[in-house]
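Reading through the structure tokens given below for one structure.
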Amino acid sequence: MAKPWRQEIELLQSYSKHKTFTFTTSSSSAETAVDIGANFEEVNKISFVVELADAYIAFDEDATTSSMLIPENEGYFDEGVFMADKISIIRSASTNVRIRGIVWGR
């Protein structure tokens, strides 16, 4: 009977860098939650959750009220993306928002 261990190829991570992040907004303006350019050449995989209130999220530009809306206690995951500058966040109401996540890239 085969052992339930993963094969080596299944355990290989194709991204050479990763960074976890936690950021809480402090104003009603767009804020940079992650400075990708300071840590990576590019980010290709992302996973995060938004806490405390709804928030608008944008990649490589300042978030606006027309950016991607993530409801409170919901998240986002994507692979095969390209980001080289930043992840920006803006709260959707008067309550400050916290975002927690991880990005992978090189």
Side-chain angles (χ1 to χ4, degrees):
M1 178 179 218
K3 302 276 188 212
W5 314 118
R6 295 257 184 210
Q7 294 181 11
E8 182 179 349
I9 193 70
E10 293 176 295
L11 299 174
L12 291 176
Q13 178 59 258
S14 59
Y15 305 106
S16 59
K17 292 183 179 181
H18 70 279
K19 177 175 178 46
T20 59
F21 59 92
T22 300
F23 180 82
T24 304
T25 60
S26 59
S27 75
S28 60
S29 300
E31 299 176 73
T32 299
V34 180
D35 184 353
I36 292 170
N39 299 287
F40 295 88
E41 284 182 50
E42 64 186 44
V43 161
N44 306 111
K45 184 177 178 181
I46 184 168
S47 178
F48 65 82
V49 65
V50 171
E51 302 171 333
L52 308 177
D54 300 351
Y56 294 98
I57 308 292
F59 305 136
D60 286 343
E61 62 186 21
D62 288 333
T64 67
T65 55
S66 10
S67 299
M68 175 175 54
L69 175 64
I70 305 292
E72 176 183 6
N73 297 323
E74 294 291 325
Y76 178 82
F77 171 84
D78 206 352
E79 189 170 12
V81 296
F82 177 84
M83 289 174 258
D85 186 26
K86 65 184 171 184
I87 299 170
S88 178
I89 183 170
I90 190 170
R91 63 189 193 200
S92 68
S94 60
T95 303
N96 280 322
V97 178
R98 182 171 49 232
I99 181 172
R100 296 177 192 264
I102 185 169
V103 290
W104 294 267
R106 60 181 189 90

(Q) So, taking the atom named CG in N96 and the one named OG in S27, what distance separates them when rounded to the nearest 0.5 Å? (A) 7.5 Å
Q | side chain to side chain contact (heavy atoms under 4.5 Å, CB included) between F48 and I70, intermediate numbers included | A | CA-CA 10 Å; F48 65 82; I70 305 292; 4.1 Å; yes
Q.
Which heavy atom of F21 sits nearest to which heavy atom of I102, and what is that distance?
A. CE2-N, 3.4 Å
Q | Donor-acceptor pair, side chain of D60 and main chain of K86, under 3.5 angstrom | A | yes
Q | Approximate separation, where rounding is to 0.5 Å, of T25 OG1 and E31 CD | A | 5.5 Å
**Q.** Y76-M83 co-clustered via ILVMFWY side chain contacts under 4.5 Å
**A.** yes
Q. Can V43 be reached from W104 by stepping across I, L, V, M, F, W or Y side chains whose heavy atoms are under 4.5 Å apart?
A. no
Q) For the residue pair L69 and S92, what are the closest heavy atoms and their distance? A) CD1-CB, 4.5 Å
Q | Heavy-atom closest pair, residues A63 and A58 | A | CA-CB, 3.6 Å
Q.
Return the CZ to CZ distance between R98 and R91, rounded to the nearest 0.5 Å.
A. 14.5 Å
Q: Please round to the nearest 0.5 Å and tell me the distance separating atom CG of D54 and atom OG1 of T95.
A: 9.5 Å
Q: Supply the atom-to-atom distance I36 CD1 to I46 CD1, rounded to the nearest 0.5 angstrom.
A: 6.5 Å
(Q) Do I89 and L52 land in one hydrophobic cluster if side-chain heavy atoms of ILVMFWY residues count as linked below 4.5 Å? (A) no
Q. Pick from V50, I90, V97: which one makes a side chain to side chain contact (heavy atoms under 4.5 Å, CB included) with Y56?
A. I90
Q. Is a donor on one side and an acceptor on the other found under 3.5 Å between the side chain of N44 and the backbone of G80?
A. no
Q.
Let me check something: do V103 and F77 share a hydrophobic cluster, defined by ILVMFWY side-chain heavy atoms less than 4.5 Å apart, either directly or through other members?
A. no
Q. Where do E61 and S88 come nearest, in terms of heavy atoms and distance?
A. O-CB, 3.1 Å
**Q.** F40 versus K17, closest heavy-atom pair with distance
**A.** CE2-CB, 3.4 Å
Q) Do you know which two heavy atoms are closest between D35 and T32, and how far apart they sit? A) N-CG2, 4.0 Å
